[in-house]
Amino acid sequence: MIVRPYGDTRDDGVIQFSFTLPITHSPKAADVGKQFLEKLGFHDVAIAECTGIDPRFTFYVAYARTDQGIDPDEVKGDYLEVEVMDFYAVNDFIKEKLGRKLVVVGAAIETDAHTVGIDAIMNMKGFAGHYGLERYPQIDALNMGSQVPCTQLLKTALERNADAILVSQVVTQRNIHVQHLTQLIELLEAEGVRERFVLVVGGPRINNAFAKELGYDAGFGPRTTPLEVASFLAQEVVRRAGKA
Amino acid sequence: MIVRPYGDTRDDGVIQFSFTLPITHSPKAADVGKQFLEKLGFHDVAIAECTGIDPRFTFYVAYARTDQGIDPDEVKGDYLEVEVMDFYAVNDFIKEKLGRKLVVVGAAIETDAHTVGIDAIMNMKGFAGHYGLERYPQIDALNMGSQVPCTQLLKTALERNADAILVSQVVTQRNIHVQHLTQLIELLEAEGVRERFVLVVGGPRINNAFAKELGYDAGFGPRTTPLEVASFLAQEVVRRAGKA
Amino acid sequence: MTDAITIDQSLVDRARTAAADIADDIQRHIDAHTTDSTERATLRLLGVTGVNEIDVPLVNVVVEHARALLPGGVIRPFVDLMMQKGKSAQEAAEAIARGELALAEVPAERRAAAEARATELAREGVARIDGVRERRNALVAEIGEPLRPYVYVIVATGNIHEDAVQAQAAARAGADVIAVIRTTAQSLLDYVPYGETTEGFGGTYATQENFRLMRAALDEVGTELGRYIRLCNYASGLCMPEIAYMGSVERLDMMLNDSMYGIIFRNINMRRTFVDQYLARLLNARAGIIINTGEDNYLTTADAFEKGYTVIASDFINEAFAERAGLEKWQMGLGHAFEINPATPDQVVYQVADAQLVRQLFPEASPKYMPPTKYMPGDIFQGHIIDAMFNFTGIFTGQDIMLLGMLTEALHTPLLQDRYLSIKNAKYVFESCRHLRDEVRFKSGGIIEKRAGDLLSRAVDQLEHVREVGLFAALEKGEFADVERDPEGGRGAEGVFKRAADYFNPVFAALRDGRMSGPPVGPAPGTRTAAGEGRPS
Amino acid sequence: MTDAITIDQSLVDRARTAAADIADDIQRHIDAHTTDSTERATLRLLGVTGVNEIDVPLVNVVVEHARALLPGGVIRPFVDLMMQKGKSAQEAAEAIARGELALAEVPAERRAAAEARATELAREGVARIDGVRERRNALVAEIGEPLRPYVYVIVATGNIHEDAVQAQAAARAGADVIAVIRTTAQSLLDYVPYGETTEGFGGTYATQENFRLMRAALDEVGTELGRYIRLCNYASGLCMPEIAYMGSVERLDMMLNDSMYGIIFRNINMRRTFVDQYLARLLNARAGIIINTGEDNYLTTADAFEKGYTVIASDFINEAFAERAGLEKWQMGLGHAFEINPATPDQVVYQVADAQLVRQLFPEASPKYMPPTKYMPGDIFQGHIIDAMFNFTGIFTGQDIMLLGMLTEALHTPLLQDRYLSIKNAKYVFESCRHLRDEVRFKSGGIIEKRAGDLLSRAVDQLEHVREVGLFAALEKGEFADVERDPEGGRGAEGVFKRAADYFNPVFAALRDGRMSGPPVGPAPGTRTAAGEGRPS
Ligand code: B12
Ligand code: B12
Ligand SMILES: Cc1ncc(COP(=O)(O)O)c(C=O)c1O
Ligand SMILES: Cc1ncc(COP(=O)(O)O)c(C=O)c1O
């Protein structure tokens, strides 16, 4: 079924906008904003605010309506469905099914110095009340920290015979994260070791579909908990080991 | 010259959106929002927030880019250009050119009970540091208050032999203001007295172009000062009297 | 606040004395008059409901029909007719509407019987109200009581079913009170529309059926949330007591109900309004409803900085009227507002002074603090910030009921998402600043204490002046809200009658006798939602 | 606040004593070492600038070339060469870069002359800095000085020309300080890029030409507005003293300059950083630049509620280092931040405690208060509210420099309109709450006083512990920001040298001798913008 934005009543199509046009404010500035939104296909445009915030710029807040809708059923995507287990269940599952510790190596790669996200997933203290991977008796987790070059990450993963590699990418300006993430995939493929690892990426602008597109096995976005990651890793590594 | 929204650099076309879709939040809700904005013609959609605010509704905040632009020079409209005089100049002008007091009647018409706007223009104390029309020695101003039926307003205007009628319309839901304003015009025309008055409307959702469309002589929007109105009335009444 | 601002108690005493005298003076007028709506409300209490074939409520038909009898009160002839014809109140009213029966003066010999029966019926009507109040008490005890301040938001779609959807969403976002805004100008209708409605205009018709539908929606969501969700509407305008009655049986929890709002803002005749508000308040008092007074409105027409004292004066007057109708302190949602121009230097400091003064003058009342409206900008982002400072002022001065501001106040009645954002704003500010007021004491002789002292002494001056000239004359001179009203003018004047010597209406006494007391009590949402949740461990 | 929270003065004394001991210990290390960047900065002060054909700065080329001589200091051989060849510093450097000249140990007989000339040149270099400082004083006196707190915002387009456009717009909206964010990882570059740049990444390269361009843009808009607009950049990373030098001659007014940030957040070798920061601070001190320390960053990796005390401890350490470099109190923009999780009950109450403590511990300093970043939500409306409470806390506790939060913090570097909205938010909150702090006193024994006392006593414990183990060991154990660093590891270790017995560098003394003092003073924007404007008349 097609849905439209709901402002005050079903299907009224109301959307709120704000934007800045590089024009000097004048009596007609409001109409420039209005007609601009009309050109974009909206109607019933109400310019709530139109102020010159500088001799060169005019700022707008507006509401307008659209007749466009979208059918949510037609939106298809690769949504990660992890069966989240609890801390003890994850450990028992690894012990029982894998029969050894699961080895994980993680890092914020290349120029990215943001470690809070990967720390939240890997470090003892964890995130939002959930322990990090280091705390799991059945997981052997190494967090390599920030600005780790891909080559160094791979070297360590091979040395430790890791089951999984976790990378974090937070800075996304000019799509720098795409560049870094692709670099890692290419390196793994060049070395012929792509298939040896469950490859996971996370960050505030990451989602599973995007991660899959880039060639990763899974992607985790904002508010991920270590438990989700641990559950996924346990199940995926066991599955690959053919022991599930 | 075509201009586009300026987010961080010229022509990046960035716009901020917020809206609510009547769908249950789910892992794919963010993509529904994203694809919806793409359907509307935007690209580089970043869904900043996507939260279920109720089992039936999902709220979005997003940023996206458009390639559309607008040429401000092509936006034409009826912008009121009032030569704003000062308090003394207005009075002198009326005295000199008209040779008698300018008579004004005003009201918030029909179901509209909002009088603060018309009071700001007409009452002694005025608005934003400018005296209201009642304070002008050369203006004979009567503010009839709120919820004044059109018929009563007209009756009073005829009785007082008014030069100008000022009406205020604040409530605009379901375009009730259009209905009321049209009603007044039709009444004046039916009585054959439309041409006797300078007919002015004001309110937070009024502008000159809109007022002209409806058949008014001028429209005043938010933050109008009494001085602007007084200047306009003085000049327009004098012009009509052929004395300018 | 343990250490509040120092207030001159002698001024407070003078204010209360003057307000009492003002109200007593008006009470003499009230006790000597009845109105169309008073009589209609009386019939409703007997059980008369419904409309005729042209949608005129039966109570209007009956009262219209009985116009000549009104000075004596409609209930005696009406009950007499019921008794004579062996009909229920509803059957009698229907028959009158069809023109089959007519009301007439009750012959002396049947008076005592009719009056006795009327008294019985009035008591039965009041017992129904009591039943509803008991039900509220039971539900609150069972479902749970929100923390103070109550988060109060409006819905205003015009369609009661959409309203219900939005009200539930608001409750889930954290609202404790839902007010259904009325359609524009319902105040001026001299009847209460009937049945479920879906076509309001800037609000939804207040009808008994709409009350019922919304009540059910809120009970449902309140149970889900473990927090009793209160419902509010408007016992205001030309049908004040009738709507109060409907609220009392449909379990509304709050009612906008001001002794002077209709006069000032709706140009309703003042002789009419004062009489109407009295019965409305008796009903609210009985039903355990919290009234909200409308002083905030003054500051939309008068300047909040200069005329802040009129709010204080009016709060004392509303308190005095409320006491006379038997409302308990906790039922007094005295109004005040955050309306000083945000461009004023130290605006928040002044607002804290004003709000703190109200809090201290009416310590046991449930002040209702109204958000910024007049100076809300089209820039919704900035509006949201001004609302945050309102929320801050509310929690910092310990207000009980916070009507939340909306970032789109200058534009439209709230969208679903506006309400969500506004509740989130308030919840954050309340929880993050909850105990700040316990942490500080106000400096004596500072801006705050001076401003508060100034407001109070001006309010006393005004009250003493109003006592001298009389409230009618004061309203005539525009001493509240800068709006002037003619005591003989305004709408509904034709519906006021001097009571005859034998005026009879047992409803007033029935409403006073054996009234329950105290607010409903229930478990706090407590540890589960308020404490600990976000604290990093 | 006239009546502040009660603080145990003996704890404050213990903190200062411990911090002094910690700094003295490190100062011994500093005095015994030099670094690549110290030597490069020395050359810059002599006037060496520009890059070679592959864009390597000449100062890097010379220092690289002189590596073997560095323990004795580059200036003696360099000036000797200048004297021998009759060249200016720039000419000498160019010749070295072209391989035409070479540096060598100065023979004993030429030492005295070379040293005398070097001392003269150092004094001339310092005189240029003084000239710039005088120019600032004159401009502020002429153009005008903003009210406190300074409104500080960042620009970060990557293109210095767009930065200038946005900086001017920000100033017009009310910003007092513009910080140009550096391109990602410039900290880790062991050279300073040269010339005007238009292609940064999440920020704009810090180059001397970019400084100049931005300075001109801000002087222009400051004159227009009647408010001197301050410029800020980062004397941080591997080129700390060089950038400090550039700032000192291009009239930057503030510099991010922390004694430990590079170690903790950029994994720069600690033995290197401590030496570098010293010369950087001597330069900042001379130039009348306010430094901003980076304690806020700790709270992005460590928890702000639990580890709040580390900020206090670090502020004492930064203060001690600053004193050793001759920075006056007003030049110490000690860092702290509003980073407690907004879901924490009474978050703002705790933030008030933390901020008030900093204010009271460093009453003559210019604390720089950093906004919420870590917990900023994707919901920009809510983020805007959290920023408002940050603004509130800042004005309520009397901070001097407010780095404004952006509603889009969780998303992207600020858009033009984000900055505008954020400034509007802050200006409203500051003006509407300006005197609230004068109106209240904190209750003794309340949450605020307890929290502040707790932070202080833990900070003292930490400082005394650090004194015991030494700062290197403490950093090794992750005692700040929960980040552990190896004293021998990290970048730039190879650029640290033990000074030889005959190490010579007259710049240090020249920077200390005859220093001006006091902040620039100018007319307040005063009545024209601050007071009266919005007050209804
Ligand atoms: C803290 C912080 C810093 C700290 C970093 C300290 C550290 N050691 O991490 C410091 C101050 C050093 C810093 C510096 C910079 N920062 Co920064 N920083 C932030 C900030 C405030 C918070 C990030 C954070 O810690 N979030 C909390 C964590 C828990 O959330 P998270 O990262 O999303 O992680 C969760 C999920 O995404 C997921 N996840 C993340 N990684 C992974 C990995 C795996 C495997 C899995 C499974 C899951 C997972 O799980 C986590 C828990 O749920 C953000 C703004 C914000 N509020 O987001 C800006 C921000 C990220 N920074 C930004 C920038 C630009 C910078 C700089 C480049 C600025 C500059 N020019 O100097 C520098 C340089 C850094 C660099 N080279 O990378 C921008 C990025 C803009 C963009 N979209 O590209 C932001 C958005 C701020 C802004 N609005 O400008 N920053
Ligand atoms: C004050 C107020 C009231 C007061 C009115 C008191 C009074 N006597 O005026 C009270 C409380 C009674 C009230 C009631 C209602 N209100 Co009301 N009210 C407002 C409020 C808060 C401020 C309006 C105001 O006074 N602005 C200040 C003046 C100075 O500005 P202004 O009107 O724009 O006037 C300026 C210009 O427009 C111009 N101008 C205006 N008129 C004229 C005329 C001429 C001739 C000229 C030249 C210029 C001119 O000059 C003025 C000075 O610059 C607005 C919200 C807001 N912040 O705007 C809601 C608002 C207007 N109300 C609203 C509503 C829905 C109602 C009700 C219908 C609610 C209800 N269902 O009960 C009722 C019914 C009123 C009715 N029947 O009309 C909505 C309207 C939505 C819409 N766009 O349709 C608003 C926007 C609030 C909201 N967000 O829901 N309201
Ligand atoms: C006391 C009171 N009654 C009623 C109303 C509602 O207005 P009306 O029903 O007159 O449209 C208000 C609105 O603010 C009010 O404050
Ligand atoms: C003291 C200090 N220096 C420098 C920076 C800038 O970071 P970068 O290392 O990218 O230059 C910061 C950022 O917050 C800081 O606080």
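All chains are named by letter (A, B, ...) in the order of the sequence lines, taking the proteins before the strands, and each is independently numbered beginning at 1. Below, all heavy atoms of this structure are taken into account, side chains as well, without hydrogens, waters or symmetry copies.
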Practice prompt. Counting only heavy atoms closer than 4.5 Å, note whether B/I23 contacts chain A via side chain, backbone, both or neither.
Written response: side chain
Worksheet item: Is it the side chain or the backbone of B/Y63 that comes within 4.5 Å of chain A heavy atoms, both, or neither?
Response: neither
Item to complete: Select one option (side chain, backbone, both, neither) describing which atoms of B/F57 are under 4.5 Å from chain A's heavy atoms.
Response: side chain
Fill in: Under 4.5 Å from a heavy atom of chain A, the part of B/I47 involved
backbone
Discussion item. Is it the case that the side chain of B/K39 and the backbone of A/Q68 share a donor-acceptor pair, with hydrogens and angles ignored and the cut-off at 3.5 Å?
Written reply: no
Practice prompt. Check step by step if side chain to side chain contact (heavy atoms under 4.5 Å, CB included) holds for B/F42 and A/L40.
Written response: CA-CA 9 Å; B/F42 300 96; A/L40 293 177; 4.0 Å; yes
Practice prompt. Determine whether A/Q16 and B/Q16 make a side-chain contact, defined as any pair of heavy atoms from C-beta on separated by less than 4.5 Å.
Written response: yes
Item to complete: Pick one of side chain, backbone, both or neither for B/V14, based on which atoms fall under 4.5 Å of a heavy atom in chain A.
Response: backbone
Item to complete: Evaluate the side-chain proximity of A/D31 to B/Y79: yes if any heavy-atom separation is below 4.5 Å, no if none is.
Response: yes
Discussion item. Can you tell me which portion of B/S18 sits under 4.5 Å from chain A's heavy atoms? Options are side chain, backbone, both or neither.
Written reply: both
Worksheet item: CD1/A/I15 to CZ/B/F36 distance, rounded to the nearest 0.5 angstrom?
Response: 4.5 Å
Item to complete: Check the surroundings of atom CZ in B/R223: do more than 12 heavy atoms from other residues, nucleotides or ligands lie under 6.0 Å from it?
Response: no
Fill in: Region of B/R4 in contact with chain A, defined by heavy-atom distances below 4.5 Å
backbone
